[in-house]
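Report on the following structure.
Worth knowing before you read on, the calculation uses all heavy atoms, side chains too, and leaves out hydrogens, waters and symmetry mates.
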Amino acid sequence: MKQSEAKLFKFPKFTDLIIHEDENIIVINKPPFIASLDEREGGEINILRLAKKYYADAQICHRLDKETSGILLIAKNPETYRLISIEFEKRRVDKTYHAIIEGTHIFQDLKIDLPILNQGNKNVTIDRYNGKPAETIFNSIQYFKHFTLVECKPITGRMHQIRIHLATQHAAIVGDSMYRGKPVYLSQIKKRGFTLSKDEEEQPIMKRFALHSKKVRFKVADKSYEFEAEYPKDFAILLKQLEKFDA
């Protein structure tokens with residue numbers, strides 16, 4: 001975690017992140033600004049390292065982008081890791097994300113199936129000829145004057161899939177500068193009664209892109225699991241401000 005990000009977010013104890021734990025899995029609500037896996041040798045703190053300190057055999061079953069918050073599955077033994085990996089591979093894990101996007105968009109079971117090409121170094125692009133199949137279903141949940149809260153259900157699991165698929169619809173995620181998304185400022189939505197001192201620089205309401213892994217449903221060894229993760233503070237605050245000033 002970079003020093004500037006650390007000032008924005010105080011990382012809690014690993015045990016405080018746990019939504020569910022049994023003999024085979026740990027389910028956490030991942031905070032933003034921390035990587036799921038090692039980004040480089042000897043690099044920053046990440047969920048995998050913290051999980052292994054808590055339980056030595058822990059393995060991350062999938063990953064979330066560093067800025068993305070929400071549900072993350074961790075296996076406690078090799079067999080569970082193998083079984084969950086198969087479920088992901090066969091696309092039997094039902095994943096639901098929530099995103100706040102720019103503009104008012106009426107999405108009703110909108111399916112985007114544009115192929116994605118991973119160009120390396122965390123860069124992806126839409127490529128109809130060389131890209132790998134990618135499919136996401138979008139549904140609008142809540143409308144504001146200038147923004148929309150959207151449910152995103154990725155069927156496949158390509159890098160940046162939700163982010164780039166939304167961008168193709170001119171519906172970039174708030175704060176996602178990689179895909180031309182802009183941050184939201186209070187002065188932008190609160191037209192009256194907003195003032196800053198001469199020396200004060202306004203900060204965005206949310207200092208990352210607004211994407212949260214909200215729900216997951218899957219089955220392992222004939223046992224069904226379903227979990228939901230609450231919004232982190234920054235996501236919840238942005239929604240509250242939009243409900244108050246951009247409704």
Side-chain angles (χ1 to χ4, degrees), residues 32 62-65 67-72 87-119 122-184 188-189 205-206 208-218 226-232 234-236 238-243 246-247:
H62 59 116
R63 69 169 67 194
L64 299 176
D65 289 336
E67 291 187 30
T68 304
S69 56
I71 290 179
L72 194 63
E87 294 301 296
F88 273 104
E89 183 180 348
K90 292 186 178 295
R91 302 176 185 175
R92 292 197 292 246
V93 179
D94 185 11
K95 301 162 289 182
T96 301
Y97 291 71
H98 284 185
I100 301 172
I101 61 174
E102 296 178 354
T104 301
H105 299 270
I106 302 174
F107 295 151
Q108 295 180 341
D109 290 326
L110 173 67
K111 181 172 77 170
I112 304 299
D113 56 0
L114 297 172
I116 294 174
L117 176 65
N118 188 338
Q119 299 176 305
K122 298 183 179 180
N123 291 314
V124 303
T125 186
I126 299 296
D127 191 321
R128 298 178 185 273
Y129 301 101
N130 302 309
K132 292 185 177 180
E135 183 180 336
T136 317
I137 307 296
F138 297 102
N139 281 285
S140 300
I141 301 173
Q142 189 173 2
Y143 302 101
F144 305 98
K145 288 181 180 178
H146 304 97
F147 305 92
T148 309
L149 176 64
V150 176
E151 176 192 81
C152 319
K153 296 181 75 67
I155 308 305
T156 50
R158 309 300 177 200
M159 180 180 287
H160 295 189
Q161 178 175 316
I162 292 172
R163 297 164 63 187
I164 195 170
H165 274 177
L166 281 170
T168 67
Q169 305 305 300
H170 305 287
I173 296 176
V174 163
D176 194 357
S177 59
M178 180 174 286
Y179 298 101
R180 300 185 178 181
K182 299 178 180 64
V184 180
Q188 177 184 351
I189 57 175
I205 298 173
M206 190 172 183
R208 64 177 176 103
F209 56 76
L211 182 62
H212 178 71
S213 175
K214 182 64 174 172
K215 301 176 185 177
V216 67
R217 185 172 59 203
F218 61 101
E226 185 171 352
F227 302 103
E228 183 168 346
E230 294 182 354
Y231 295 139
D234 60 353
F235 197 106
L238 176 56
L239 271 182
K240 184 176 180 180
Q241 297 288 19
L242 292 177
E243 288 169 350
D246 200 55

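Without hydrogens or angle criteria, Thr148 side chain to His105 main chain gives a donor-acceptor distance under 3.5 Å. Not a single donor-acceptor pair under 3.5 Å links the side chain of Ser69 to the backbone N or O of Pro32. Panel note: side chain Asp246, backbone His146; a donor-acceptor pair is recorded below 3.5 Å.
How far CZ of Phe138 is from CD1 of Ile112: 6.5 Å, rounded to the nearest 0.5 Å. For the atom pair CE of Met159 and CD1 of Ile164, the computed distance is 11.5 Å after rounding to the nearest 0.5 Å. A distance of 4.5 Å separates CG in Asp109 from CG in Asn139, rounded to the nearest 0.5 Å. Atom-to-atom distance recorded for Thr68:OG1 and Phe209:CZ is 3.5 Å, nearest 0.5 angstrom. Taken from CE in Met206 to CD in Glu67, the straight-line distance is 8.5 Å, to the nearest 0.5 Å. The CD atom of Glu102 sits 11.5 Å away from the CD1 atom of Ile100 when rounded to the nearest 0.5 Å.
Here the shortest heavy-atom pairing between Thr168 and His165 reads OG1-O, 2.6 Å. What you find for Lys214 and Glu230 is that their closest heavy atoms are NZ-CA, 4.1 Å. Across all non-hydrogen atoms, the minimal contact from Thr156 to Ala134 is OG1-CA, 3.1 Å. Nearest heavy atom pair, residue Asn118 against residue Val124, reads CA-CG1, 4.0 Å. In this structure, Ala171 and Phe107 approach most closely via the heavy-atom pair CB-CZ, 4.2 Å. Closest non-hydrogen pair, Tyr231 versus His212, comes out as CD2-CD2, 3.6 Å.
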| query | Step by step, would you call Lys95 with Phe88 a side chain to side chain contact (heavy atoms under 4.5 Å, CB included)? | reply | CA-CA 10 Å; Lys95 301 162 289 182; Phe88 273 104; 3.9 Å; yes
Note to self: Test salt bridge (Lys or Arg N to Asp or Glu O under 4.0 Å) on Lys215 and Asp94; report intermediate values, then the result.
What the structure shows: CA-CA 8 Å; Lys215 301 176 185 177; Asp94 185 11; over 6 Å; no
Kindly determine whether Asp65 and Arg163 satisfy side chain to side chain contact (heavy atoms under 4.5 Å, CB included), including the steps that lead there.
CA-CA 10 Å; Asp65 289 336; Arg163 297 164 63 187; 3.0 Å; yes
- request: Please step through side chain to side chain contact (heavy atoms under 4.5 Å, CB included) for the pair Leu72 and His62, ending with a clear verdict.
  value: CA-CA 7 Å; Leu72 194 63; His62 59 116; 3.7 Å; yes
- Item | Residues Phe144, Gln142; criterion side chain to side chain contact (heavy atoms under 4.5 Å, CB included); working and verdict | CA-CA 7 Å; Phe144 305 98; Gln142 189 173 2; 3.6 Å; yes
*Please lay out, stage by stage, how Thr125 and Gln119 fare under the test side-chain hydrogen bond (donor to acceptor under 3.5 Å, both in side chains).*
CA-CA 7 Å; Thr125 186; Gln119 299 176 305; 5.0 Å; no
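By the 4.5 Å heavy-atom criterion applied to side chains, Leu211 and Tyr97 are counted as neighbours. By the 4.5 Å heavy-atom criterion applied to side chains, Leu238 and Phe147 are not counted as neighbours. Taking the side chain as every heavy atom from C-beta outward, Tyr143 and Ile106 approach each other to under 4.5 Å. Within the 4.5 Å cutoff, side-chain heavy atoms of Lys132 are placed close to those of Arg158. Side chains of Val174 and Ile205 form no contact here, defined as non-hydrogen atoms less than 4.5 Å apart.
Counting non-hydrogen atoms of neighbouring residues, nucleotides and ligands closer than 6.0 angstrom, the CZ atom of Arg92 exceeds 12 such neighbours.
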